[in-house]
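Below you'll find the structure, written out as structure tokens, and then a few comments.
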Amino acid sequence: MAIERYNAPEREPHWQKVWEQRQTFRTATDTSRPKCYVLEMFPYPSGRIHMGHVRNYTMGDVLARYKKAQGFNVLHPMGWDAFGMPAENAAMERKVHPKAWTYENIAAMKGQLKSMGLSLDWSREIATCDPSYYVHQQRMFLDMLREGLVYRRSAKVNWDPVDHTVLANEQVIDGRGWRSGALVEQRDLQQWAFRITHYTQDLLEALGTLEKWPEKVRLMQANWIGRSEGLMLRWTLDAATAPAGHSELEVFTTRPDTLFGASFMAIAPDHPLAKAAATKDPNLAAFCDECRRMGTSVAEIETAEKKGYDTGIKAVHPFDPNWTVPVYVANFILMDYGTGAIFGCPGHDQRDIEFAKKLGLPILPVVAPKDEPKRGQAIAKVHEGVAFLEDGVMINSRFLDGLTPAEAFDEVAKRLEAETLAGTPVAQRKINYRLRDWGISRQRYWGCPIPVVHCKDCGTVPVPHNQLPVTLPDDATFDLPGNPLDRHPTWKHVDCPKCGKAATRETDTMDTFVDSSWYFARFTAPDAKTPTDRAALDYWMPVDQYIGGIEHAILHLLYSRFFYRAMGETGHAGGKNIREPFAALFTQGMVVHETYRRAGVEPPQWLLPTEVAIEGDGDGRKATEIATGKPAIIGSIEKMSKSKKNLVDPDDIIQHWGADCARWFMLSDSPPERDVIWTEAGVSSAGRFMQRVWRLVDLAIEKAAAKDAPRPESIGSEALALRRATHKALDQVGRNIEALRFNVAVAQLYELSNALSEAFGKSGDGLGWAQREATELLVQMLGPMMPHLAEECWARLGYNTLIAEQPWPKAEPALLVDDTVVVAVQVNGKRRDELSVSRSATLAEVEAAAMGLPSIVRALEGRKPKKVIVVPQRIVNVVV
RNA sequence: GCGGACGUGGUGGAACCGGUAGACACACAGGACUUAAAAUCCUGAGAUGGCAACAUCGUGCGGGUUCGACUCCCGCCGUCCGCACCA
């Protein structure tokens with residue numbers, strides 16, 4: 001028969017249409033069935049999908065299809081994280097309205113995702129920029145406002161001078177805006193904020209319950225929350241030196257044990273005490289101003305020298321009324337951590353020692369190594385400027401001498417807790433966190449409007465529920481920097497909902513991370529009249545498997561954990577006592593590709609992979625720019641990016657090779673958590689495998705038993721071997737998909753294909769039937785990974801059902817174990833031979849057989865074995 | 001500086017709970033088919049030595065535990081990632 005090649009690009013749309021017409025992937029809430037919620041992080045509608053999306057969505061799709069075949073009621077939805085800066089930038093640059101731009105992008109990307117053949121329930125599609133979505137967000141915002149989980153504050157904020165907006169701490173990376181890359185400035189602004197710190201302790205502790213999250217992400221979040229245990233400690237100020245109204249100074253310390261090594265106090269430039277002192281000291285005022293201007297970038301912080309200004313104020317040591325230390329204003333003290341003030345113990349804090357050296361302050365070591373001989377050296381190093389940070393024993397510390405630092409910590413705490421100053425204890429144990437509340441005000445147009453009105457008389461007034469949503473005006477202008485909502489002629493002018501007098505709307509919009517903090521909940525009932533439908537939500541939540549990039553380890557994943565708790569508090573979630581939205585998280589690796597650039601040009605001029613021709617192999621590979629014929633340089637392998645032009649367009653691949661090919665390649669070889677290198681060779685290899693499956697089905701039609709042929713009475717050894725290979729693959733592939741070890745599942749399918757190919761060249765009792773079985777099961781197992789090809793093959797094998805609707809086949813347990821096993825035989829742990837024995841052979845039989853092997857006799861060289869270790873079905877080790 | 005991950009052939013990677021290291025794939029070499037190419041099929045291959053049988057070495061380096069270590073422990077080296085003046 002003439003063998004035709006499988007034309008994937010032509011056949012794939014057909015099967016997509018069939019699935020769509022049959023509504024194969026439409027999901028309904030059905031509490032009688034076990035559920036499985038598979039979710040991939042929804043995309044920002046930038047205009048085109050990239051290979052990272054292909055990888056992410058392929059992984060989720062394999063799992064979703066597999067779980068469906070396993071009998072689960074699977075929720076696998078898709079939507080759009082549709083608010084954000086790029087739409088506004090497009091509006092400024094190209095005079096397109098952000099809304100039009102966004103919806104055009106959504107349409108284009110939806111088409112691309114559909115061409116991937118994903119098993120998505122498109123009837124649940126949501127776009128966060130749609131009023132039907134954000135109306136609920138506004139409603140929840142107001143509910144949270146009522147509960148005190150949202151509040152307005154005047155705060156120092158991170159101001160991005162390029163995007164003209166405020167950024168959350170989480171969005172400042174190395175002192176730069178996460179999107180614009182501009183150096184962030186500090187500004188004082190009125191800000192809306194979510195009280196994420198209300199859940200600090202819970203967010204930290206619950207990380208321990210997230211067993212199916214990567215350890216790495218849990219650690220990153222724990223570090224971000226940044227718990228530290230210490231003491232709040234009040235120092236009395238010497239009245240003669242302190243400004244009026246300032247009689248004490250409170251500090252937070254994690255090392256109260258080092259109290260006798262204190263040589264100075266330091267306060268932040270914005271500390272009230274500093275401000276009070278500055279009113280009388282113009283030099284101090286100037287110093288504080290200088291500190292405030294200091295940049296926040298890494299480079300600046302690292303190179304910034306410790307600077308301090310002696311206020312002249314003296315603080316009295318808590319344990320000795322005659323001992324005072326000077327109070328400095330210092331540039332490295334942060335106002336928003338602890339109390340904005342510290343006591344400095346230079347001996348045991350690197351930062352303090354640098355400061356002390358710089359300003360010539362005393363350095364007194366109070367902890368020393370336990371071993372006497374090591375002490376001298378450690379103390380000498382302290383005087384050279386290296387703080388001693390290890391454990392040891394207390395010295396130079398009066399009643400603490402001889403204790404360990406931990407014991408000294410407790411002793412100091414105990415004594416100072418008992419002492420009082422103006423009626424309250426001098427010290428209190430305190431747990432401090434690094435996590436700050438989440439400022440969400442953004443001075444942008446393309447975001448969810450914050451539904452409040454500012455009234456001169458009534459203050460901040462929530463927009464009543466029946467007036468929601470507060471929608472964005474369509475006729476905004478984008479030709480000037482700044483907030484288009486603020487300069488809109490009419491939008492912000494409204495009557496106060498309370499008193500009816502003229503008032504103004506809040507013109508800030510919400511951080512887009514708010515939108516993505518609950519979309520997973522909305523997917524469970526996207527048409528509900530309320531933010532969530534509790535019955536549907538309680539059935540579907542939590543997400544059973546969430547898949548996305550590691551870049552969201554803190555931002556999105558921490559915000560969502562907070563938001564789900566806040567939704568619980570306001571009655572929008574919280575069934576089954578579930579506080580965590582994502583039961584399992586998987587962070588996939590990036591898609592990387594070689595870079596190409598023109599030779600001999602600086603700065604580099606990058607070339608697209610499609611613009612170069614590559615010849616040769618190995619180290620001799622040479623690239624040429626096709627258009628000019630000039631040599632090009634093959635550069636390092638990096639994350640696909642527009643700037644380096646090392647992009648491959650998913651559309652090109654799908655149109656040329658087919659979606660299944662792209663999917664298969666994404667799953668092959670690289671473990672999903674690691675980066676995958678996209679190569680031409682890899683794609684063509686995947687393409688070859690598709691054709692190979694196609695030919696195997698040809699061969700099955702030609703040689704194997706007919707569909708529904710009865711199981712033969714007699715199964716020969718060849719047939720049995722094939723059946724064993726088939727059922728083992730079935731067992732293993734299922735397990736590996738479940739564990740998201742797709743690369744291993746792929747390898748097992750290759751193995752089965754090899755076994756089947758071989759079997760077609762043989763003959764034997766029952767082999768035709770075994771070939772038929774193997775082919776059908778292979779096709780079924782390919783279903784989640786290459787769904788179109790699998791449907792095509794399934795049809796050719798004579799079925800008029802859909803693979804996508806077939807239950808996952810079950811392996812026959814009897815075929816998973818072999819009658820005979822091959823056992824390695826070692827002499828002194830070195831492999832010398834192997835032995836084929838019956839599974840049921842006794843230890844003695846195995847030992848005897850091993851000792852009888854000529855190679856073993858030879859290796860023993862006549863020596864008497866001291867011991868023979870036999871591990872059933874594994875190994876024999878002869879020890880001489 | 002703090003925290004974490006990783007290190008296996010020419011390449012991507014596999015190896016369950018400590019039990020035959022290198023599955024599977026890519027690249028490569030040789031062969032078959034073909035006028036030729038493509039496609040396909042077959043064969044080979046960790047390194048070194050040897051015609052071969054075989055021997056020795058081999059999972060970043062150095063030690064240790066064990067009959068037996070890619071796997072466990074200790075100490076290094078290297079690469080990557082996250083956080084970072086957090087008191």
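Here is the naming used below: chain letters follow the sequence lines, and residue numbers restart at 1 for every chain.
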Counting Watson-Crick and G-U wobble pairs only, both distances under 3.5 Å, name the nucleotide matched with [N], or none.
N: B:A23; result: none
N: B:A52; result: none
N: B:C2; result: B:G82

Rounded to the nearest Å, what distance is computed from the [atom1] atom of residue [X] to the [atom2] atom of nucleotide [N]?
X: A:R218; N: B:C81; atom1: CZ; atom2: P; value: 23 Å
X: A:L219; N: B:C81; atom1: CG; atom2: P; value: 18 Å
X: A:I875; N: B:A21; atom1: CD1; atom2: P; value: 7 Å

Syn/anti state of B:C77 by chi, 90° boundary around 0:
anti
May I ask you to evaluate whether [X] reaches the phosphate of [N], defined as a side-chain N or O under 4.0 Å from OP1 or OP2?
X: A:Y337; N: B:A87; result: yes
X: A:K867; N: B:G68; result: no
X: A:R695; N: B:C41; result: yes

Proximity to RNA chain B (any heavy atom under 4.0 Å), residues of residues 672-683 of chain A only
A:R674, A:A681
Among B:C24, B:C16, B:G3, the one nearest any side-chain atom of A:N754 is B:C24
Assign A:L334 to base, sugar-phosphate, or nothing according to its heavy-atom contacts below 4.0 angstrom with the strands shown.
base
Side chain to side chain donor-acceptor pair (under 3.5 Å) partners for A:R55, two or more places apart
none
NZ/NE/NH1/NH2 to OD/OE distance under 4.0 Å, A:D818 and A:K728:
yes
Does any N or O donor sit under 3.5 Å from an N or O acceptor when you compare the side chain of A:K306 with the base of B:C85?
yes
